[in-house]
Amino acid sequence: MTAPIIEMRNIEKHFGPVIALGGVSFDVRPGECHCLLGDNGAGKSTFIKTMSGVHKPSRGTMVVEGQEVVFDSPRDAMAAGIATVYQDLAMIPLMSVTRNFWMGREPEKGFGPFKTIDFAKANEVTMREMARMGINLREPEQAVGTLSGGERQTVAIARAVYFGAKVLILDEPTSALGVRQTANVLATIDQVRKAGIGIVFITHNVRHAMAVGDRFTVLNRGKTLGTAVRGEITAEALQDLMAGGQELAVLESSLGGTV
Amino acid sequence: MTAPIIEMRNIEKHFGPVIALGGVSFDVRPGECHCLLGDNGAGKSTFIKTMSGVHKPSRGTMVVEGQEVVFDSPRDAMAAGIATVYQDLAMIPLMSVTRNFWMGREPEKGFGPFKTIDFAKANEVTMREMARMGINLREPEQAVGTLSGGERQTVAIARAVYFGAKVLILDEPTSALGVRQTANVLATIDQVRKAGIGIVFITHNVRHAMAVGDRFTVLNRGKTLGTAVRGEITAEALQDLMAGGQELAVLESSLGGTV
Amino acid sequence: MTDERLMPVSSLRRAMIRPELGAICGVILVFAFFLMVAGDSGMFAPAGFQNWLVVSAQFAIIAVGACLLMIAGEFDLSVGSMIGFAGVIAAILTVQWGWPAWLAILVTFAVCIGLGAINGLLVIRTGLPSFIVTLAFLYILRGLTIWLSILTTRQTIIGGVREAAEGDWLAALFGGVIFKGFFQWLGDVGLIDTFTRGARAGQPVVEGVPMLIVWAIGLIIFGHWLLAKTRFGNWIFASGGDAQAARYVGVPVNRVKVLMFMFTAFCATVFAMCQVMEFGSAAADRGLLKEFEAIICVVIGGALLTGGYGSVIGAALGALIFGVVQQGLFFAGAESSLFRVFLGTILILAVIMNTYIRRLITGER
Amino acid sequence: MTDERLMPVSSLRRAMIRPELGAICGVILVFAFFLMVAGDSGMFAPAGFQNWLVVSAQFAIIAVGACLLMIAGEFDLSVGSMIGFAGVIAAILTVQWGWPAWLAILVTFAVCIGLGAINGLLVIRTGLPSFIVTLAFLYILRGLTIWLSILTTRQTIIGGVREAAEGDWLAALFGGVIFKGFFQWLGDVGLIDTFTRGARAGQPVVEGVPMLIVWAIGLIIFGHWLLAKTRFGNWIFASGGDAQAARYVGVPVNRVKVLMFMFTAFCATVFAMCQVMEFGSAAADRGLLKEFEAIICVVIGGALLTGGYGSVIGAALGALIFGVVQQGLFFAGAESSLFRVFLGTILILAVIMNTYIRRLITGER
Amino acid sequence: EGERFVFVSHAPDSDSWWNTIKNALKVASSQMGVTVEYRNPPTGDLADMARIVEQATASNPAGIISTIADFNVLKGPLAKAVEQGIPVITVNSGTIEESKDIGALLHIGQPEYAAGFAAGERAKAAGVKKFLCVNHYITNPASVQRCQGFADGLNVPLGNQMIDTGLDPSEVKNKVSAYLRANADTDGIIALGPNSAEPTIAALKENGMAGQVHFGTFDLSAGISAAIKDGTIAFAIDQQPYLQGYLPVVLLTNYARYGVIPPNAINSGPGFITKDNIALVEKLAGEYR
Ligand SMILES: Nc1ncnc2c1ncn2[C@@H]1O[C@H](COP(=O)(O)OP(=O)(O)OP(=O)(O)O)[C@@H](O)[C@H]1O
Ligand SMILES: Nc1ncnc2c1ncn2[C@@H]1O[C@H](COP(=O)(O)OP(=O)(O)OP(=O)(O)O)[C@@H](O)[C@H]1O
Ligand SMILES: [Mg+2]
Ligand SMILES: [Mg+2]
């Protein structure tokens, strides 16, 4: 078993009077897809935002490739090879696909203070990467606001993958997607994982998790309920865990176990 | 078989150069749950917004209880007994739960021009209805902005149900919900349906649809692919239909058919 | 659901966090301050009292309109120009055209409220930000005011309105004072000072309650009742909080917004009429920068610039703070050019305090 | 994905829809209009040309700053006060304290840019809307300006700067004209008129290119390059389009915004220095309402008030329209008090046109 | 000893002309051993000024000095002060009749319209037929009265000859040159103060018309006195504001202490400053002149 790329130890996060995370430990290894599951408000988004430098943990340490780190901003996390696709997509509707794709890491040409963005290269790469994800853009100058939700999701993932992350974090990437788009995203995850990148995948859908996950960590009310390895746990057991171990509302039999 | 409450005939909707709906027919009968399925951008939200008076159809007719109608605003649709829980929730974060719950239909007391909102009644009803859906509020004056996503969803559904709709439209109510909350919503749908109300349920999740649906209509690129009745179609067939009949991206075997 | 993860919040603290809390603290601070530095300057004698109350009432009248409009999610930069415009129109109609005052006043109200409606309809129909539309009206109305008054009277000031409106029943609603008898009695028993010489010897220094104050109180009560107690008030909040969401549940957002623009215009016209009837003249420069002052009162009073949150009581307290500070600095004998520096500083401090309070209320971050 | 559901859009139409299209049309319309009504009034003779170009250049200087700031999602109502403040500081330093002009200018720039930074930091740290924070600064700076100038010179107008700055290398960058020789030659060969009488008979009516215009062109080129071509420009768009999203992908939003506030202050100071050096005096009431005029230019130029969209070229064209309309009305002999009415009307029309164009571009609804 | 007087003006904060008066107040108060508070409405709104007079009355000073920027607006508040037993002296704008009507002790100053009229007559004598009134502050009623008076003095209708220039000097300058370009037959200019006069001087210098047109202005500043010396400006109307600040303080102090006061109004102007008498005022222009 390889050493983890990122290890989060006993992370706590308080927002004023709200304790969003109460000591969560978690790690990701290269080439694995580690699923983070849990109820609404369990603290999943808060946790991965801590991981990607948006929030600073109130307590706890982060270790990246054996080195203890403190991220002051998302820039730091990106520099350390952590790319994130947020639940709220981090796309700017009025800007073009290219500008969004490269936002924060625009390719430059020219010298000294006269550097300008290398639009030729930027456009070309954007078109190519989008095509690789199965989306053919009309033109790279198209505003992101004119894309469908699924297309935006794809831009966000393509961007994260392209920038050669060591760890790719996906926060509920499939929740708003149709069947075909979901299949696409899951296939992409598989593909990225095979390239040796560690993936953190957040979802509410047990089946999506089971489909691509190697390990499963369940959060509940800001605490870890435990981590299971693929093959050691059934979908039903995982689902019970996600629901917090409480009895589910009585449903029609046809719902059959998994939701 | 009872007569439909609402019948939509050959609805078309154009947004400038975009043809969002190209002739969709659809109906709902009392006491049934009619699922509306389809890919991203298929036109589901546009369709139900037409149904609930937000958009005016470019062409086509709507018949409510045998009477042809034209809705000028969501108010008209509500008056005709159509209640909608939108994908974007239609909640105002800075306002209290009570004010949100009653928004647009505040209970009044007093005479003539001196009518005021009957807050005592409003608060009481709100607390009661929320409790019935399994949410115990700290106080009805709490701002909606302080609720979790699942709780907000519940407020929206409780509101729609309370106002005695004949038809309840739910646009992807489960997409952002955790396992427990989803089970809750599905159970509520079942409960509402048994009270003789017609339900239009939009989802991307075949299993959720199969769990509560009586009929299934699949939209694709603004057109109906057809309507199936429960029991006459398998989950797998439905899923193929939703994906637009195109071959799905190759997935790991463990994904097994349904996504 | 997340109950056990909430650290306890004292109920006193919960009871206290309301939109106008910041303004309440502000009022206390401001009064304490001026009692200390200007306590013996006559500021808190009856005539001094009346002085800053009248100024505050003026601010309150436009602040109530601006407050409701801001809560409905829009704002109006043309308030100041509207004040000048309304005054000049009324003056031209009475003095130049010789109309009876009541008719002139009614027509002025109709014209101004109509302009408010045009403002509102433009905002609604075009979907433009109200900042831009009303900024355009700021210029258009001021230009029209100057042009009209020069065209008809070759001056930018039109006097003689009081004489023309003498004895008019409607004009009396805007100029003049009420409770004269009561104040005369107060003067007679020595509770307030009386004039010691001149034509009005024996009369009390405070003649009565100016109609301006009556209007202010009336508008505050009406505004508060409308906003906090009625269905329409809920719609105002909803329109400003999230217009799309409000529309979805059937709130007639467009109607609410246009009505609020009209109400703001109404308030501006009341302001103008009170001023014209009290002073007897209208001038093209009346109301300059009043739009900002109205917005400042509202914001000091705890309303959110982006709409959906605030209170009329808060706006009224904001107007009180503004009036007391402005007049108080004169009583305290401060260098008057520093007034603006004070005002700016108070504005920033008040808004920071309000923001803190609002975050406590809404859990917003 | 939805390709076959899109009705065809002609490629000409696609090529034309850009932020500044509205402004381009506006410029054409405005020129056509004035060529018609004032073509023979000397408006398009060399001296007339210079006349409205200088006014437009003035607007352009502050519009560039306001444009970048607005695209970065904030705005600055203290621009006008900053202009007055900068002028008075520079004048006090040179005339009263006797500093060399270059030092006074540099210190003024430092102070004003510092104030811009404070503006920005307050907005960033407190999370308050920039409308409120800069409104407070509008009052504070104006108050300080008046107070300072009265304190040090017992006047609100400080003259004698030109004499004090005579021959200073840095002052020459703000006052004066360049290309004198070229214009003298143009005059000599008869391409432009020369004075026929008075002290300057024989000299060309246009002496040269005023530094004001040079600054305007320089700032426009710089602003356009920065916004459209560089990485930093992309960050400006991103910060204004959605600050949270930009932060997530590592754009240093706070730094971008503070820098833009500083740049706006820089532009205001350039404006003030050009004016002080040209007229030789500074006054406490300079720059009144300039903040609105800057915003108007930017908005006419197609920028979105809420940030994230716009172009510097558009803002420059907006400034050109503003200047041409303002001066053109004088050439055309229109009643000058109607200027404001025109301005307001043009503003509304321009913005409606721009909104329509933007919807076409972005598919926004 | 130590009486407190309040001086209320109608000018906005930034109006430079009032500095002379402020300086005069300083001199007079230190000489007489009294305090004088200067008050003005920040934006120049006269309704605000009325509130300030009321405020001054409420603070019960030993005397109030006020301008009569608008008789209608100020009659009530000032009369009330008089009735309360506070001595009032009116200065600057307003007429002697208005001052008497209010019940003030006396009036020091000169009405705007008459000043404009006198200037108009002077321009007429110089042969002016078509003029330009550069109004930098059109929303202020007094400014329009000056232009109107000038037109009446010339005996021509005002018409379009008054332009609204705004305060920005570049705009004033360019608007003036645009107007002169479009109306080349203009042979007279009247400016309403330093704010309009100085950019107008610049405009005339630039288009070579300096000294070619008859140019008069109200009030004084360093720039104006220089222009008078070099012949660009024919005359400046000086109402000797220093006196309007200095005299009332001295008179009120003496009235408070010894009950003496001159019975009649005092005309502080109009004084016409031309090339001949400029040397006297030049050095102090804008401060004490
Ligand atoms: N900035 C904040 N300030 C205060 N409370 C916060 C903040 N961010 C999150 N919370 C609270 O922290 C808890 C965890 O929220 P989080 O968004 O991490 O949940 P989640 O697991 O992602 O839920 P979901 O599945 O609904 O996305 C919630 O109770 C939420 O209200
Ligand atoms: N107001 C509008 N103007 C222009 N195009 C629109 C508008 N609303 C929707 N569309 C377009 O119509 C199509 C259908 O959109 P709709 O939101 O109905 O899809 P949906 O089936 O609800 O998708 P999802 O599952 O992602 O919610 C999309 O291509 C969308 O871009
Ligand atoms: Mg989440
Ligand atoms: Mg949808």
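In what follows, every chain begins at residue 1, and chains take the letters A, B, ... in the order their sequences are listed. Not measured: the values here are computed from a predicted model.
The most heavy-atom pairs under 4.5 Å with chain D, out of E:N207, E:D164, E:N174, E:L180, come from E:N174. Most heavy-atom pairs under 4.5 Å with chain D, from the set E:N160, E:D168, E:I201: that is E:D168. The candidate from D:F339, D:F331, D:W147 with the greatest count of non-hydrogen atom pairs under 4.5 Å with chain E is D:F331. When each of D:R286, D:Q326, D:M43, D:Q50 is scored by its heavy-atom pairs under 4.5 Å with chain E, the top score falls to D:Q326.
A distance-only check finds no donor-acceptor pair linking the side chain of E:D238 to the backbone of E:G271 [under 3.5 Å]. Side-chain N or O atoms of E:T165 include none that pairs as donor or acceptor with a backbone N or O of E:V172 at under 3.5 Å.
Nearest approach of D:G42 to E:R181, heavy atoms of both residues: O-CD, 3.7 Å. When all heavy atoms of D:G87 and D:V276 are compared, the closest pair comes out as CA-CG2, 3.7 Å.
Using a 4.5 Å cut-off between heavy atoms, D:E163 does not touch chain E at all. Residue contact with chain D, scored on non-hydrogen atoms closer than 4.5 Å, involves the backbone of E:K205 exclusively. Residue contact with chain E, scored on non-hydrogen atoms closer than 4.5 Å, is absent for D:S149. Neither the backbone nor the side chain of D:Y139 comes within contact range of chain E; no heavy atom of the residue lies under 4.5 Å from a heavy atom of that chain. Residue D:E207 does not touch chain E at all, counting heavy-atom pairs closer than 4.5 Å.
For an aromatic pair to be called close, the ring centres must be under 6.0 Å apart, and E:Y242 with E:Y246 satisfies this. In this structure, the ring of D:W215 has its center less than 6.0 angstrom from the ring center of D:F174.
Using modelled atom types and a 3.5 Å distance limit, the side chains of D:Q58 and E:S170 yield a donor-acceptor pair.
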